[in-house]
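These notes are about the structure you will find just below.
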Amino acid sequence: MGVNAFPRPGARRFTGRLHRALAAATVSVVGVVTAFTVSQPASAAASTLAEGAAQHDRYFGVAIAANKLNDSVYTTIANREFNSVTAENEMKIDATEPQPGQFNFTQADRIYNWATQNGKQVRGHTLAWHSQQPQWMQNLSGQALRQAMINHIQGVMSYYRGKIPIWDVVNEAFEDGNSGRRRDSNLQRTGDDWIEVAFRTARQADSAAKLCYNDYNIENWNAAKTQAVYNMVRDFKARGVPIDCVGFQSHFNSGNPYNSNFRTTLQQFAALGVDVEVTELDIENAPPQTYANVIRDCLAVDRCTGITVWGVRDSDSWRSYQNPLLFDGNGNKKQAYYAVLDALNEGSDGTPPTEPPPGDAGQIRGVGSGRCLDVPNGDTADGTQVQLWDCHSGTNQQWTYTSSGELRIFGNKCLDAGGSGNGAVIQIYSCWGGDNQKWQLRSDGSIVGVQSGLCLDAAGAGTANGTRLQLYTCSGGSNQKWTWNV
């Protein structure tokens, strides 16, 4: 009997130069349906975002605030999950040059030192921007402002020369809406060449640093703002203006929803000869599928070098009221986190893994108990509660995972959650397409209800015949881990 732990049979793994290989696992496969004849690869599934991204030679970063570095929950998550750090505010103009010519890197260095001491790269953010200018800069105009911008770029980049490999040189220089025009800022009023001057200054200040243009609402390829930025980058590349990458902030919400052409946008910019990065990702209400789509879009484009989420927990977000991040306010992993990790554990071409195919039924075996998901006595009545039982070849232990996420048995009955809270019963019921009958098979071996976000759980961590199944908060215990057997 063959055994495949979730993630799904057929999923491919790619090991990047940054990835540390994990211990090899060998699985014996005997008499298995062809679609399932897959052994565990030498490197096991990544268990953190950083490890998952490193499999594809990419970074997975986070925006950090210096005033939260004393919060142990915050730093534990940031250190465990991410391998790149962006200072949320501490490297912006008002923070680093509060008075003309008088630089202050105290808070910026707190971020930099924490990151480097924990083995993480740092993205510099940001050097030239119409917002968060100190009052003295806001009072300037014309050539005086232009020179102040040049001096600021030189001062900050010289201080961090050779230490920070990536800089957002210019931030948010184009206006919203359908005009495609530059933003009417004090920097823009110094002359239309101000962005070019900023990039040329940055190259002179640190010739080894990657120089990026960064903006929001430029993810939709059909948007006028996107096309305007594209035309600027194309012009810069044609004229030899030093620009190395474009950052797509990706603050998706009801006003700027994710569009499936985001991958096209990344591809089109990359074709100009620049790297592309997702730099400030957060998504209103953190829908798991949308988060996974963004990850897959990046993985599908060779020059998409990394992803940064804009904050650690929902409570740390600049739009905390929208709960847009991967961890809730208590630091718990959300459904979106698992969707992202699963996407990172897929193939490098952005295609989803092979699910247990419809028509090929198999057993679902508990890791903690070694017993199978069982419908007592083969009873087909709606509401029959599911249990653990010694594995056998009976049809009451043969489950089929459908393309819509159902776990079917007897052809027309579905594994059904009789509620959405802890302790909700697990039963069979006539299939009707509800979210309480849809399940996510996660890469850590858990089976999670789409409606509830809770895990399929052997009640009381029981292992005996007759132990009932329920929904319960995901804990990572072996009573919530399952393997697929055919």
Side-chain angles (χ1 to χ4, degrees), residues 13-22 43 45-64 75 77-88 91 111-126 160 162-169 206 208-214 219 244-250 262-263 266 269-270 274-283 291-312 325-327 336-337 339-350:
R13 307 262 182 250
F14 292 82
T15 302
R17 61 182 177 273
L18 300 178
H19 181 57
R20 292 177 295 180
L22 302 177
S43 57
S47 60
T48 69
L49 302 175
E51 289 177 352
Q55 294 178 126
H56 306 273
D57 288 340
R58 288 160 171 82
Y59 69 81
F60 208 111
V62 65
I64 291 292
T75 54
I77 296 171
N79 192 28
R80 181 188 70 223
E81 296 289 341
F82 305 100
N83 57 6
S84 175
V85 164
T86 301
E88 190 169 358
M91 292 186 184
I111 299 285
Y112 177 82
N113 292 336
W114 183 87
T116 55
Q117 287 165 8
N118 287 286
K120 306 177 192 312
Q121 76 166 11
V122 178
R123 292 190 80 261
H125 175 81
T126 182
Y160 286 112
K163 297 179 178 179
I164 293 183
I166 309 171
W167 277 100
D168 290 332
V169 178
D206 187 347
K210 180 192 288 190
L211 309 180
C212 304
Y213 176 77
N214 191 56
E219 297 81 20
D244 304 309
C245 77
V246 176
F248 298 82
Q249 293 184 13
S250 305
F262 183 35
R263 186 177 304 188
L266 296 176
F269 275 86
V274 294
D275 288 343
V276 291
E277 302 180 359
V278 179
T279 54
E280 302 183 22
L281 179 62
D282 51 23
I283 309 177
Y291 256 108
N293 287 342
V294 174
I295 304 310
R296 292 183 181 118
D297 289 341
C298 179
L299 296 183
V301 179
D302 286 344
R303 296 199 69 154
C304 186
T305 56
I307 299 154
T308 296
V309 289
W310 206 246
V312 177
L325 296 175
L326 300 177
F327 296 86
Y337 170 91
V340 167
L341 189 60
D342 280 353
L344 292 169
N345 276 324
E346 294 169 4
S348 62
D349 60 358

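Side-chain atoms are counted along with the backbone in the values below, which use heavy atoms only and exclude waters and symmetry mates. Residues: numbered from 1 along the sequence shown.
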If you compare all heavy atoms of [X] against all heavy atoms of [Y], which two are closest, and at what distance to 0.1 Å?
X: A78; Y: K120; value: O-CE, 3.7 Å
X: G247; Y: T279; value: CA-CG2, 3.5 Å
X: G162; Y: D206; value: N-OD2, 3.2 Å
X: D297; Y: R263; value: OD1-NE, 3.0 Å
X: A343; Y: A292; value: CB-O, 4.1 Å
X: V276; Y: V301; value: CG2-CG1, 4.3 Å

Roughly how far, to the nearest 0.5 Å, is [atom2] of [Y] from [atom1] of [X]?
X: H56; Y: T305; atom1: NE2; atom2: OG1; answer: 14.0 Å
X: F60; Y: C298; atom1: CZ; atom2: SG; answer: 9.0 Å
X: D275; Y: K210; atom1: CG; atom2: NZ; answer: 4.0 Å
X: T86; Y: I111; atom1: OG1; atom2: CD1; answer: 9.5 Å
X: H125; Y: I166; atom1: NE2; atom2: CD1; answer: 13.5 Å

Given 3.5 Å as the limit, does a donor-acceptor pair link the side chain of [X] with the main chain of [Y], or not?
X: D168; Y: C212; result: no
X: N79; Y: T75; result: no
X: S250; Y: F248; result: yes
X: D282; Y: L325; result: no
X: R58; Y: I307; result: no

| field | Y112 and Y160 aromatic ring geometry - parallel, tilted or perpendicular at 30°/60° bounds | value | tilted
| query | How are the rings of F327 and F82 set to each other: parallel, tilted or perpendicular (split at 30° and 60°)? | reply | perpendicular
| message | Between V274 and Y213, does the side-chain contact (heavy atoms from CB on, under 4.5 Å) criterion hold? Intermediate values first, please. | response | CA-CA 10 Å; V274 294; Y213 176 77; over 6 Å; no
| request: Please tell me if the side chains of I164 and M91 come closer than 4.5 Å, counting only heavy atoms from C-beta onward. | output: yes
| query | With Y337, which residues qualify under side-chain hydrogen bond (donor to acceptor under 3.5 Å, both in side chains), at least two apart? | reply | E81
| field | side-chain contact (heavy atoms from CB on, under 4.5 Å) evaluation trace for V294 with E219 | value | CA-CA 10 Å; V294 174; E219 297 81 20; over 6 Å; no
| field | All side-chain contact (heavy atoms from CB on, under 4.5 Å) counterparts of S84, not counting sequence neighbours | value | Y59, Q121, R123
| said: Using the rule given for side-chain contact (heavy atoms from CB on, under 4.5 Å), can you reason through V340 versus L326, listing the C-alpha separation, both sets of side-chain angles and the distance that settles it, and then say yes or no? | reply: CA-CA 9 Å; V340 167; L326 300 177; 4.0 Å; yes
| field | Working for side-chain contact (heavy atoms from CB on, under 4.5 Å), residues E280 and N214 | value | CA-CA 10 Å; E280 302 183 22; N214 191 56; 3.0 Å; yes
